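Note sheet for the following structure.
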Amino acid sequence: MLLDKINIPADLKHLAVEELPQLCEELRAFVPQTTQRKEGHINASLGVTELSVALHYTLNTPNDILVWDVGHQAYIHKVLTGRKKQFHTNRLKGGVSGFTKRTESQYDPFGAGHSSTSISAVAGFAEADILNKVRRNRIAVIGDGALTGGMSFEALNYLGERNLDVLIILNDNNQSIDDNKGALSVSKNYKQYFESLGVNFLGSVNGLNVKEVVESLNSALGVNGPRCIRVTTSKQFPKAEKPASSGGKPETTFQTVLGNTICKLGAQNEKLVVISPAMLSGGGFGAFQKQFPERTFDVGIAEQHAVTMAAGMAAAGSVPLVHLYSTFAQRGYDQIIHDAALQNLHMVFCLDRAGLVGEDGATHHGTFDVGFLNTLPGVNILAPRNGGELEAMFNYAVANHGVWFIRYPKANTSYDGALSESFAPKPKCLKTGEGKVVLSFGSVGVEVQKGLDELAYAHYDIRQLKPLDESFIDELASNYEVLITVEENSPRGGLGDTVGSILHKNEHLGTKLLTLSLPDKFIEHGSRTELLKDCGLDVESLRQAFLLA
């Protein structure tokens, strides 16, 4: 096999161009055989097999700068750049990341866990190279929907004005998670678009023909200034085989509960609309989209636009549900402040993938939303412990004016129907006790319940973090010697900080406070179970912390 001889890109130089199609076929078989994790990412990478081979065949990496956007397109790239023997650890704890990562390899000059960053990044490399008098190629591979993001348009506008020597490769596979959106993906008038921004459009090439791609790259590398090649590929490949199911009922997830809930709400309230930045299917909105297509809006990978468009709809009388993955909500933070919170519009934010997301790793863990939202005046921050609470919270938020943030994990959950119509998002006593009281926020409360089993301490589910009733904390401080907070988010600005500030403000000097949260660091990838244990939020770690507090 040719692949046996390829360990680093320099090894490709020993092959004749006529041998590259065979190598591509071997690579396209190797990846799904070696890892069956994250099917969408596998197919995105298989689509650029020929492009990955052609790039490393023609370039001089790692000296030449090659940035993948989104980074999950880079599986073939990783196999070709010294990670073939480790690739079976892809997305496993301690193993190869599912995205490009600077600390993992010198062949990954820039990390990319989300999208639309590559053109800005290579513009930065180009400007630095001018200052440092460095001559090399700089290539941005942007695809899998990444060109729908507004940051890429900002970068193109800058690139053309500065006439920087950068090659942009548009991987056009017609998809991100769902089908691509936007006028450019519909019109396909790439030449007019790019050249109106000062970027030389060099034409299109069949991305599944490695010889044609090599020829096109060699030609493009001989041209100076900002230029672009469109490479047409596919994301449709045979699905990796999955282990046979053991039978029984499928697990209920927070996402499926949300999907069922909003369908019921949509039938009751014709003003309800859903806005998502290219994450509809991943968020469980398929049934709502099918039932109410005219009230479902996929705006592409454009969180800023999603938030402000939703704010405009709210100002016009609609009730928007804005779906954002927690880790990507920070992209729309300015809009959340100025267009939603400041105007006190009626908007409900679905903060999906809050807390630890597992194998997607540091770029995707939803750890920061509580800290940056808790500073905003007048907003409401909620987190359900289970599926029933999730349904109740969305019913309540849709029925009551305000800016609502409901954060929930990518995880299985119990679901026994909604809470009563009289539900109010206030602390709920789950267990009475004495001496110590545990306050949990969100789904980690289930782990807390198990950790408190057979212990004599009290437990409250803090379903709404903001606003948090100070009199409630005062009462707890008067009745318990120790308060313990547990939350699945970063320590700054969360439940622990909020409770601590209330205790300090109201001079509860004799009350001991223990705060348990995710650590103040970027957390690497691994299974959710593994990471909860590493962070001290698994059942046994919690039990020991409660006893020692």
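Quantities reported herein were computed from a predicted structural model and do not represent experimental measurements.
The OH atom of Tyr325 lies 14.5 Å from the CD atom of Gln330; values are rounded to the nearest 0.5 Å. To the nearest 0.5 Å, the span separating CG on Leu345 from CE on Met313 amounts to 12.5 Å. The structure places CD1 of Ile381 at 8.0 Å from CG of Asp369, a figure rounded to the nearest 0.5 Å. The OG atom of Ser276 sits 11.0 Å away from the CG atom of Leu321 when rounded to the nearest 0.5 Å.
The aromatic ring centroids of Trp68 and Phe99 lie 6.0 Å or more from each other. When ring centroids are compared, Tyr460 and Phe472 come within the 6.0 Å threshold.
Between Glu488 and the choices Arg353, Arg528, Lys410, the salt bridge (charged side-chain N to carboxylate O under 4.0 Å, His left out) rule is met once, by Arg528. A ring-ring contact (aromatic ring centres under 6.0 Å, His included) with Phe349 is found for one member of Tyr408, Phe405, Phe328 and no other, namely Phe405.
Between Arg83 and Asp108 a salt bridge is recorded (basic side-chain N to carboxylate O distance below 4.0 Å). With respect to Lys101 and Glu524, a salt bridge is recorded, a charged nitrogen being found less than 4.0 Å from a carboxylate O. For the pair Asp469 and Lys426, the salt-bridge criterion is not met [side-chain N within less than 4.0 Å of a carboxylate O]. Between Lys93 and Asp534 a salt bridge is recorded (basic side-chain N to carboxylate O distance below 4.0 Å).
Heavy atoms from other residues, nucleotides or ligands lying under 6.0 Å from CD of Glu475 number 12 at most. More than 12 heavy atoms of other residues, nucleotides or ligands sit less than 6.0 Å from atom CD of Gln86. Counting heavy atoms of neighbouring residues, nucleotides and ligands inside a 6.0 Å radius, atom CD of Glu270 does not exceed 12 of them. Heavy-atom neighbours of Lys431 NZ from other residues, nucleotides or ligands within 6.0 Å: above the threshold of 12. Atom CD of Glu434 is surrounded by 12 or fewer heavy atoms from other residues, nucleotides or ligands within 6.0 Å. Annotation for Glu294: atom CD counts as buried by contact number, over 12 foreign heavy atoms lying within 6.0 Å. Surrounding NZ of Lys466 are more than 12 heavy atoms belonging to other residues, nucleotides or ligands, all under 6.0 Å away.
Partners of Thr261 according to the side-chain contact (heavy atoms from CB on, under 4.5 Å) rule, which considers only residues two or more places apart in sequence or in another chain, are Val257, Leu265, Glu391, Phe394, Asn395.
At distances below 3.5 Å, not a single donor-acceptor pair connects side-chain atoms of Asp352 with backbone N or O atoms of Leu324. A distance-only check finds a donor-acceptor pair linking the side chain of Lys78 to the backbone of Ser97 [under 3.5 Å]. Formation of a donor-acceptor pair under 3.5 Å by the Thr89 side chain with backbone atoms of Val96 is found in this model. Remark: side-chain polar atoms of His508 are not paired, donor with acceptor, to backbone N or O of Ser478 under 3.5 angstrom.
In summary, the side chains of Arg295 and Gln289 do not present any donor paired with an acceptor at a separation below 3.5 Å, with no hydrogens or angles considered. For the residue pair His365 and Thr327, no side-chain donor N or O sits within less than 3.5 Å of a side-chain acceptor on the partner. Side-chain atoms of Gln464 and Asn380 form a donor-acceptor pair, as typed in the model, at a separation below 3.5 Å. Checking Ser527 against Glu530 by side-chain atom types alone, a donor-acceptor pair falls below 3.5 Å.
Here ring pair (Phe, Tyr, Trp, His ring centres under 6.0 Å) pairs that include residues 251-296, with residues two or more places apart or in two chains, are Phe285-His323, Phe288-Phe292.
Considering only heavy atoms from C-beta on, Phe546 comes within 4.5 Å of Ile484 through its side chain.
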| field | Residues Asn374, Thr498; criterion side chain to side chain donor-acceptor pair (under 3.5 Å); working and verdict | value | CA-CA 9 Å; Asn374 205 9; Thr498 303; 3.1 Å; yes
| query | Can you list the steps and then say if Thr308 with Asp339 is a side chain to side chain donor-acceptor pair (under 3.5 Å)? | reply | CA-CA 6 Å; Thr308 302; Asp339 302 330; 2.6 Å; yes
